[in-house]
*Asks:* 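Take a look at this one; I'll ask things after.
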Protein chains: 2
Amino acid sequence: MKHQLQIKMNEALYLRDPESTVLGKNILKHSVHLIHKQGFEAFTFKKLAEDVGTTEAGIYRYFENKHKLLVYLTAWYWGWLEFQISFQTNNIKDPEVRLRRVVELLATTVKDDQQTSYINESLLHQIIIAEGSKAYLTKQVGEDNKLQFFKPYKDLCAVVGNIISECSPKYKYPKSLASTIIEMAHFQNFFMYNLPSLTDFGKTKKEAEIISFLNDLVFSSLKKK
Amino acid sequence: MKHQLQIKMNEALYLRDPESTVLGKNILKHSVHLIHKQGFEAFTFKKLAEDVGTTEAGIYRYFENKHKLLVYLTAWYWGWLEFQISFQTNNIKDPEVRLRRVVELLATTVKDDQQTSYINESLLHQIIIAEGSKAYLTKQVGEDNKLQFFKPYKDLCAVVGNIISECSPKYKYPKSLASTIIEMAHFQNFFMYNLPSLTDFGKTKKEAEIISFLNDLVFSSLKKK
DNA sequence: GTAAAAAGATAGTAATACTATCATAAAAAA
DNA sequence: TTTTTTATGATAGTATTACTATCTTTTTAC
């Protein structure tokens, strides 16, 4: 039997649940493709409506505006990633081995897993790299946070922070180190491809090197006494 | 005698040099205030024109669009910061002491220095924290990079990367570590105030703790053999 | 004092970001 | 099966944004 993965989303993110209808799923699917292709700034609901084969009003019935849609997609991604991590590190006893696996999962280009038919995780991963920070780098971050929009992101950071603390109970900055490696898994990737002189991987453009860098960063912090 | 600091800006960033006229300087001054107050998304040239006491067309004579203006302000900031760093670390021989000073300068809230009358560095610093990444997180990052828009940022990273290499010539990731601490000096600050559970400083909200975290991160990476 | 450059004033356009309304089709409840 | 509800389609309309164009007046430079 194939298991269908459903990620429980915050209801305040949408006007009508996009996962509950065909049109809604199409909106999600095409918005991933369109944001990936055009970038978030050039992305509009009108273009999206054309791609989906509906009207602008049709999109507005699901999402209040494109910012909410972006927050929805990022929340979905972090929820999905946390599941991947808990699944893939399940049964790993040694916290150090587990942490290495987590770093690897954070920094590895995602393959489209067929479990969720309407969202292409690989494209979504690239969207998160290039646009993800825009979900919270806004003036409404406080209100959005009160509405729990960033809970999946914060949950993932907490999970990673807890593994860090397991490895090294005396380490003083587990949460900040967790948010640092999560952000840097993405930023170093963006820099590598777009502003390569900001990294040491510009020549080879290998993700494996980002993973080595992050592991080195994490484990030198934790092993120092 | 008072020294007036002039930062040499890339000419492709503007249509008319804003530092060469009174109106231009007013545009810079008010855009810092307005972006700080409203956030970059809500910031428009029309509102800016009202604040400055000119018309929309007046602004467009200086800047093609608000994205270019943001890139201008970020470039100005990084140029200014690199000067601060070279000035404040001048004559420090020991690279480790110098690196600590750099980390401190990167993560410390800036005071408005009166050397540049029309730009409030303190507000600009907060703009860079909240909006700075939007300067390069776009689809045009490649073209913008070709036009050298990010040179001041890359130069600063190179300076920091070189100090890292001086401290520890064998360390394999000086550039990535440099971009990591520069980005994290800002992100941890943003998180501390807006999404505090992503950091270990949510309770105290002390910049000094961010500095300690970054120093710990850097020097455990460099001292590990 | 004259020429050139900058700024002010005003107008106009295409696109964006919505809101509203009414008819129809599909799904759920009676 | 019929009725009712709910979702979608089609169309229209508005305020704001992001510009471009033009013409006049003021300021600055030589």
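We name chains A, B, ... by the order of the sequence lines, and we start the count at 1 in each one. Please read all numbers here as calculations on a predicted model, not as lab measurements.
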*Asks:* How many Å lie between CG on A:Leu23 and P on C:dA26, as a whole number?
*Replies:*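 These atoms are roughly 14 Å apart.
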*Asks:* Does a side chain donor of either A:Tyr72 or A:Ser31 reach within less than 3.5 Å of an acceptor in the other side chain?
*Replies:* no
*Asks:* Once salt bridge (charged side-chain N to carboxylate O under 4.0 Å, His left out) is applied, what residue pairs with a partner in residues 53-77 of chain A remain, sequence neighbours excluded?
*Replies:*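 Pairs touching residues 53-77 of chain A that pass the test: A:Glu64-A:Lys68.
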*Asks:* Using residues 154-162 of chain B as the side-chain source, report each donor-acceptor pair under 3.5 Å to any protein atom, sequence neighbours left out, with the distance given to one decimal.
*Replies:*
from: B:Lys154; atom 1: NZ; to: B:Asn145; atom 2: OD1; distance (Å): 2.8
from: B:Asp155; atom 1: OD2; to: B:Lys151; atom 2: NZ; distance (Å): 3.1
from: B:Asn162; atom 1: ND2; to: B:Ala158; atom 2: O; distance (Å): 3.3

*Asks:* For B:Pro174, which residues count as a side-chain contact (heavy atoms from CB on, under 4.5 Å) partner, sequence neighbours excluded?
*Replies:*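 A:Asp200, B:Ile164, B:Ser165, B:Tyr171.
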*Asks:* Only counting residues at least two apart or in another chain, list the ones meeting side-chain contact (heavy atoms from CB on, under 4.5 Å) with B:Lys206.
*Replies:*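 Scan of B:Lys206 (side-chain contact (heavy atoms from CB on, under 4.5 Å), adjacent residues dropped) gives B:Thr204, B:Glu209.
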*Asks:* Using a 4.0 Å heavy-atom cut-off, write out nucleotides 17-30 of chain D from 5' to 3' as B (base contacted by protein), S (sugar-phosphate only) or - (no contact).
*Replies:* SBBBBB--------
*Asks:* Check whether any side-chain nitrogen or oxygen of A:Tyr62 sits under 4.0 Å from OP1 or OP2 of D:dA7, and answer yes or no.
*Replies:*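 Indeed not, no polar side-chain atom of A:Tyr62 lies that close.
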*Asks:* How are the rings of B:Phe191 and B:Phe187 set relative to one another: parallel (under 30°), tilted (30 to 60°) or perpendicular (over 60°)?
*Replies:*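 Plane angle over 60°, so perpendicular.
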*Asks:* Heavy atoms within less than 4.0 Å of DNA chain C: which residues of residues 132-144 of chain A have one? Give them sorted by number.
*Replies:*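 Within this stretch, nothing sits under 4.0 Å of the strand.
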*Asks:* Examine C:dA7: is either OP1 or OP2 under 4.0 Å from a nitrogen or oxygen in the side chain of B:Thr54? Give yes or no.
*Replies:* no
*Asks:* Within this structure, what is the CD1-to-C1' distance between B:Ile59 and C:dA9, rounded to whole angstrom?
*Replies:* 15 Å
*Asks:* On the nucleotide C:dT10, are OP1 or OP2 found under 4.0 Å from the side-chain N or O atoms that B:Thr55 carries?
*Replies:* no
*Asks:* So, using side-chain contact (heavy atoms from CB on, under 4.5 Å) as the criterion, who are the partners of A:His36 when residues are at least two apart?
*Replies:* A:Leu123, A:Gln126, A:Ile127
*Asks:* Rounding to an integer number of Å, can you tell me how far B:Asn26 CG sits from C:dG8 C1'?
*Replies:*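 About 15 Å, once rounded to whole Å.
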*Asks:* Which residue pairs pass the salt bridge (charged side-chain N to carboxylate O under 4.0 Å, His left out) test when at least one of the two sits in residues 25-49 of chain A, sequence neighbours left out?
*Replies:* A:Glu41-A:Lys134
*Asks:* Checking A:Val141 now: which residues fulfil side-chain contact (heavy atoms from CB on, under 4.5 Å) with it, not counting sequence neighbours?
*Replies:* A:Tyr136, A:Thr138, A:Phe150, B:Phe190, B:Asn194, B:Leu195
*Asks:* Please report the distance, rounded to the nearest Å, between NE2 in A:His67 and C1' in C:dT16.
*Replies:* 17 Å
*Asks:* Expressed in angstrom and rounded to an integer, what is the separation of A:Lys25 atom NZ from D:dT8 atom P?
*Replies:*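 Rounded to whole Å, this separation is 12 Å.
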*Asks:* With sequence neighbours left out, what residues match B:Ser179 under side-chain hydrogen bond (donor to acceptor under 3.5 Å, both in side chains)?
*Replies:*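 Testing B:Ser179 for side-chain hydrogen bond (donor to acceptor under 3.5 Å, both in side chains), a comparison that skips the adjacent residues, returns A:Gln188.
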*Asks:* Can you sort out the partners of B:Phe43 under ring pair (Phe, Tyr, Trp, His ring centres under 6.0 Å), two or more places apart, ordered by chain and number?
*Replies:*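 None.
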*Asks:* Find the bend of the helix from C:dG1-D:dC30 to C:dA30-D:dT1 as the angle between its two terminal axes (five pairs each), to the nearest 10°.
*Replies:* 30°
*Asks:* How close or far is atom P of D:dA7 from atom OH of A:Tyr14, stated in whole angstroms?
*Replies:*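 Nearest whole value for this atom pair: 12 Å.
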*Asks:* Round to a whole Å and report the spacing from CZ of B:Arg16 to C1' of C:dG8.
*Replies:* 12 Å
